[in-house]
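Okay, structure first, notes after.
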Amino acid sequence: MAARSSSAPVPEGRIEKLTDGYAVAFDRQFDYPTAHIWDILTNPAKVSRWLGQVSPGWQVGKEYTLDMDGGSTSGTVLQLEPLSSLQITWEDDLGLESVLEWQVLESGGGALLCFRSRTDSPDFLAEGSAGWQDILNSFANVAAGRDPDPEGLGDWLALRDAYARDFDVSPSMGRVTGTGDDAALVFERWYRAPAEDVEAAVDAIGRRAGIGGQAQLEMTDDGEETRIVIRQPVEGSQDQTAALLANWHAALDSVRDQLDGGITHPSSHRLAALQRFYRSMI
């Protein structure tokens, strides 16, 4: 295997396949007392610096809301063991729900912070892993008394691709590249199916959704997995572009369900949530 460039982002967490879903896992060692790490994790004033504005704070059995840059989430605090464990449900703007857990353990004269995000869906696994790595880097900066230093979108995309590659999980999110007449949407998806089956499913579902007319499809097939890249010129307003991204995202999810032998369940609520998500990203 060729050595990576020293400047290439390196995953610090891992994606684990569970019997009932997936887990994104990070373990961070700190040279600080557990009480200090617990304070960064639970003090609302500290939480606002690395995660978002939590209201009314973490209270076991109580619902919370969390306002972050570019979005919000809500859930319920399932467990709160002082100086030890925090567990919450997490429902994002797309309606995806996961269970998050932080454990603070004494280790090596300092504290070991163990983070787990568990979900039953493969959606946004690579993206979420890259996002949580950036968030935990911000946590580490706050713990050290520094200001958070979030990475740019370009670094985030490279880190997402590194997680996808290292843990063999498909990227989920589309994006817009170029400007003006050169602007195009791009999606990359990976499917464990022969190329001809993937092409037929993408064509059928794209035509049914009325979105595939100007799209270009590139495929590579290694005998076990087919990787596709979809490119389509984008025109019109930002709302129209967001709608096109949302429709392609939902269509490619349907391709996955069909190839896995499942039944596709179109959801207007999910489509509207995807459109809001992409509108916020443009």
Side-chain angles (χ1 to χ4, degrees), residues 12-30 32-107 110-125 127-143 148 150 265 267 269-270 272-274 276-277 280:
E12 297 173 3
R14 59 192 184 275
I15 298 173
E16 301 172 346
K17 181 70 172 72
L18 309 176
T19 57
D20 57 350
Y22 304 85
V24 174
F26 288 86
D27 300 303
R28 292 283 186 100
Q29 177 69 39
F30 293 95
Y32 310 116
T34 55
H36 177 67
I37 296 302
W38 184 255
D39 183 54
I40 303 299
L41 181 63
T42 58
N43 184 328
K46 305 289 179 62
V47 174
S48 67
R49 297 187 61 204
W50 61 271
L51 184 59
Q53 189 68 49
V54 61
S55 177
W58 310 128
Q59 300 177 38
V60 67
K62 301 293 186 180
E63 295 183 353
Y64 72 89
T65 58
L66 184 68
D67 293 321
M68 304 170 290
D69 289 341
S72 64
T73 188
S74 62
T76 302
V77 179
L78 302 177
Q79 185 181 80
L80 184 63
E81 295 289 342
L83 300 176
S84 175
S85 176
L86 169 66
Q87 186 181 83
I88 64 176
T89 63
W90 175 283
E91 183 173 342
D92 62 22
D93 289 338
L94 294 175
L96 298 175
E97 186 170 273
S98 53
V99 175
L100 309 185
E101 182 178 25
W102 291 266
Q103 289 185 312
V104 182
L105 308 173
E106 292 186 1
S107 173
L112 178 66
L113 179 66
C114 301
F115 170 78
R116 302 292 184 270
S117 172
R118 296 179 176 85
T119 178
D120 60 1
S121 169
D123 289 346
F124 293 96
L125 273 177
E127 289 86 354
S129 299
W132 280 113
Q133 181 163 318
D134 281 349
I135 289 171
L136 291 173
N137 286 340
S138 294
F139 182 102
N141 282 325
V142 173
H265 298 286
S267 167
H269 174 76
R270 166 76 168 167
L274 283 167
R276 289 193 299 271
F277 169 77
S280 71

Test log, rule side chain to side chain contact (heavy atoms under 4.5 Å, CB included), inputs Gln87 and Val99:
CA-CA 7 Å; Gln87 186 181 83; Val99 175; 3.8 Å; yes
Residues two or more places apart in sequence or in another chain: which of them pass side-chain contact (heavy atoms from CB on, under 4.5 Å) with [X]?
{"X": "Thr34", "answer": "Val104, Glu106, Ala111"}
{"X": "Asp92", "answer": "Trp90, Leu94, Leu96"}
{"X": "Glu91", "answer": "Glu97"}
{"X": "Ser48", "answer": "Gln53"}

Residue list, salt bridge (charged side-chain N to carboxylate O under 4.0 Å, His left out) with Glu81, at least two apart or on another chain:
none
Any residue meeting salt bridge (charged side-chain N to carboxylate O under 4.0 Å, His left out) with Arg270, in chain and number order, not counting sequence neighbours:
Asp123, Asp253
How close do [X] and [Y] get, counting heavy atoms only, and between which atoms?
{"X": "Gly13", "Y": "Gln133", "result": "N-OE1, 4.0 Å"}
{"X": "Gly57", "Y": "Pro44", "result": "CA-CG, 4.4 Å"}
{"X": "Tyr64", "Y": "Thr89", "result": "OH-O, 2.6 Å"}
{"X": "Ile40", "Y": "Val47", "result": "O-CG2, 3.8 Å"}
{"X": "Glu101", "Y": "Ser85", "result": "OE2-OG, 3.6 Å"}
{"X": "Ala143", "Y": "His36", "result": "O-NE2, 2.8 Å"}

Write out all pairs satisfying salt bridge (charged side-chain N to carboxylate O under 4.0 Å, His left out) with one or both partners inside residues 42-67, taking only residues at least two apart or from two chains.
Asp39-Lys46, Arg49-Asp147
All side chain to side chain donor-acceptor pair (under 3.5 Å) counterparts of Ser84, not counting sequence neighbours:
none
Results of side chain to side chain donor-acceptor pair (under 3.5 Å) for Gln103 - residues two or more places apart only:
none
[atom1]-[atom2] distance between [X] and [Y], expressed to the nearest 0.5 angstrom:
{"X": "Gln79", "Y": "Ile88", "atom1": "CD", "atom2": "CD1", "answer": "12.0 Å"}
{"X": "Ile15", "Y": "Leu18", "atom1": "CD1", "atom2": "CG", "answer": "11.5 Å"}
{"X": "Leu113", "Y": "Phe26", "atom1": "CG", "atom2": "CZ", "answer": "11.0 Å"}
{"X": "Leu136", "Y": "Glu12", "atom1": "CG", "atom2": "CD", "answer": "8.5 Å"}
{"X": "Ile37", "Y": "Thr42", "atom1": "CD1", "atom2": "OG1", "answer": "11.0 Å"}

Of all pairs that satisfy side-chain hydrogen bond (donor to acceptor under 3.5 Å, both in side chains), the ones with a partner from residues 13-24, not counting sequence neighbours:
Arg14-Glu16, Arg14-Asp27
Got a sec, which residues hit ring pair (Phe, Tyr, Trp, His ring centres under 6.0 Å) with Phe115, two or more places apart in sequence or on another chain?
Trp102, Trp132
Phe277/Phe124 aromatic ring centres below 6.0 Å:
yes
Intermediate values then yes/no, side chain to side chain contact (heavy atoms under 4.5 Å, CB included), Ser72 and Thr65
CA-CA 7 Å; Ser72 64; Thr65 58; over 6 Å; no
Short side-chain to backbone donor-acceptor contact, Trp58 and Leu41, under 3.5 Å
yes
